[in-house]
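Data first, discussion second: the structure below is written as structure tokens.
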Number of protein chains: 2
Amino acid sequence: MLSIGTLAKRTGAKVQTIRYYEQIGLMPEPGRTEGGQRRYGNAGLDRLAFIRHSRELGFSLEAIRELLDLSDSPERSCAQIDAVAQRQLHEVEARITRLKALRIELRRMLDECSADRVADCRILEVLRDHEECLSNHDGTGI
Amino acid sequence: MLSIGTLAKRTGAKVQTIRYYEQIGLMPEPGRTEGGQRRYGNAGLDRLAFIRHSRELGFSLEAIRELLDLSDSPERSCAQIDAVAQRQLHEVEARITRLKALRIELRRMLDECSADRVADCRILEVLRDHEECLSNHDGTGI
DNA sequence: CATAGAAGCTACAGCAGGTAGAGGTTCGGG
DNA sequence: CCCGAACCTCTACCTGCTGTAGCTTCTATG
């Protein structure tokens with residue numbers, strides 16, 4: 001049987017994070033020792049590894065919850081799992097697009113500024129006046 | 001004199017957000033009417049526009065605070081402002097790099113999965129087993 | 001000038017996804 | 001058996017807002 005610290009070491013999650021996952025119902029309540037300490041089996045370890053790995057790929061905890069639920073019915077079609085992954089891919093792509101626009105704007109700002117004094121700083125001017133921007137970065141999700 | 005609602009409309013910020021900026025000291029406390037409602041001048045409007053625009057470019061509120069402080073000393077060198085913008089650019093670039101790695105991994109997952117049943121789903125297999133990944137996405141800042 | 005309703009006010013709670021600390025208990029190697 | 005590491009619960013905090021409740025004020029119309 002594995003202590004919470006061992007799970008933490010093996011998966012890279014922090015101890016508090018594992019307890020947090022339990023609190024929000026993502027990890028099941030494990031067995032306890034007589035003294036009240038958590039003890040996990042391999043199922044717990046595997047589930048936590050799944051969660052952490054999914055998090056590393058950017059899935060939200062809600063999406064992970066969905067994936068875990070779906071994986072409990074092995075005979076069903078995996079179309080829904082596909083859809084969750086597809087959605088995640090789209091989100092990642094949207095974020096890349098947005099960040100690339102920001103990168104262009106930031107580079108341009110930095111390029112243009114050759115001032116010495118704050119008073120003439122192009123960066124501040126651009127930040128002050130949206131009209132100086134090429135893109136219309138609209139503040140939807142960075 | 002401008003009401004908080006007018007500022008909100010002109011900058012695209014929500015009324016609560018403006019009050020929040022005031023609360024954390026990013027916006028100065030404006031004058032008030034006899035009845036206690038906030039009234040702003042053009043300085044307030046400009047400052048809020050600066051904040052919103054910087055947010056759209058991904059600057060953190062702390063970075064914005066720094067930029068606003070720096071812009072108060074127009075005779076100083078703008079090297080520090082440059083540094084803040086440079087830092088932001090690096091962060092954006094790091095995020096792009098990371099997201100591109102995620103995109104590759106997600107695409108590969110989706111490509112490989114041609115199963116019908118959840119039981120054979122490649123996506124779940126990949127999520128279960130980190131070894132199946134090509135990249136070592138390490139969970140540092142998405 | 002009265003009044004209705006839009007807009008403002010404060011204060012507090014909540015979201016994601018954790019992280020940190022206080023203050024106390026239990027586990028396990030020597 | 002003992003001591004320090006690891007565990008426990010509980011609470012508060014982080015960023016950057018957003019939403020609600022319950023009340024007050026402003027302003028346009030009649």
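Quick note: numbers below take in every heavy atom, side chains included, and nothing from hydrogens, waters or symmetry partners. Order of the sequence lines fixes the chain letters, A, B, ..., with proteins taken first and strands second; residue numbering starts at 1 for each chain.
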How many Å lie between CZ on B:Arg38 and P on D:dT25, as a whole number? 14 Å
Counting only side-chain nitrogens and oxygens, does B:Ser3 get under 4.0 Å of the OP1 or OP2 atom of D:dC26? no
Could you measure the distance from the CZ atom of B:Arg98 to the CD atom of A:Glu56? Nearest 0.5 Å is fine. 7.0 Å
Residue A:Gln37, side-chain heavy atoms: nucleotide from D:dT9, D:dC7, D:dC26 that is nearest: D:dC7
Could you check B:Glu34 against B:Glu62 and say which one's nearest nucleotide on DNA chain D is further toward the 5' end? B:Glu62
Assess whether a salt bridge exists between B:Glu22 and B:Arg19, defined as any Lys/Arg side-chain N lying under 4.0 Å from an Asp/Glu carboxylate O. no
Within the structure shown, what part of the strands sits under 4.0 Å from A:Arg19 by heavy-atom distance: base, sugar-phosphate, or nothing? base
Interatomic distance, A:Leu2 CG vs D:dA6 P [rounded to whole Å]: 16 Å
Would you classify A:Ile4 as touching base, sugar-phosphate or nothing, given that sugar-phosphate means primed atoms plus P, OP1 and OP2, and contacts are heavy atoms under 4.0 Å? sugar-phosphate
Looking at B:Lys14, does any N or O in its side chain come under 4.0 Å of the phosphate oxygens OP1/OP2 on D:dG16? no
Would A:Arg52 and A:Tyr21 count as having a side-chain donor-acceptor pair, cut-off 3.5 Å? yes
Taking the nucleotide of DNA chain C with the nearest heavy atom to each, does A:Thr33 or A:Ser60 sit closer to the 5' end? A:Ser60
Could I get the full list of salt bridge (Lys or Arg N to Asp or Glu O under 4.0 Å) partners for B:Arg65, not counting sequence neighbours? B:Glu62
Phosphate-side-chain proximity, B:Tyr20 and D:dT15, N/O vs OP1/OP2 below 4.0 Å: no
With heavy atoms under 4.0 Å as the rule, sort A:Arg65 into base, sugar-phosphate or nothing. nothing
When you get a sec, tell me which of D:dC26, D:dT18, D:dG16 is the closest nucleotide to the side chain of B:Leu61? D:dG16
Of the listed nucleotides (D:dC17, D:dT9, D:dC26), which one gets closest to any side-chain atom of B:Arg39? D:dC26
On DNA chain D, does the nearest nucleotide to A:Thr6 precede the nearest nucleotide to B:Ala13 from the 5' side, or the other way round? Give the residue. A:Thr6
What range of DNA chain C does chain B touch, first nucleotide to last, counting atoms under 4.0 Å from its heavy atoms? C:dG8 to C:dT10
Rounded off to whole Å, could you give me the NZ-to-P distance for the A:Lys9 and D:dA5 pair? 12 Å
Minimum-distance nucleotide to B:Arg52 side chain [options: D:dC17, D:dG16, D:dT25]: D:dC17
Which residues satisfy the side-chain hydrogen bond (donor to acceptor under 3.5 Å, both in side chains) test with A:Arg87, sequence neighbours excluded? A:Glu66
Heavy-atom side-chain contact between A:Arg103 and A:Leu106 under 4.5 Å: no
Rounded off to whole Å, could you give me the CD1-to-P distance for the A:Ile18 and D:dA6 pair? 14 Å
Give a yes or no on whether a salt bridge exists between A:Arg108 and A:Glu105, defined as a side-chain N under 4.0 angstrom from a carboxylate O. yes
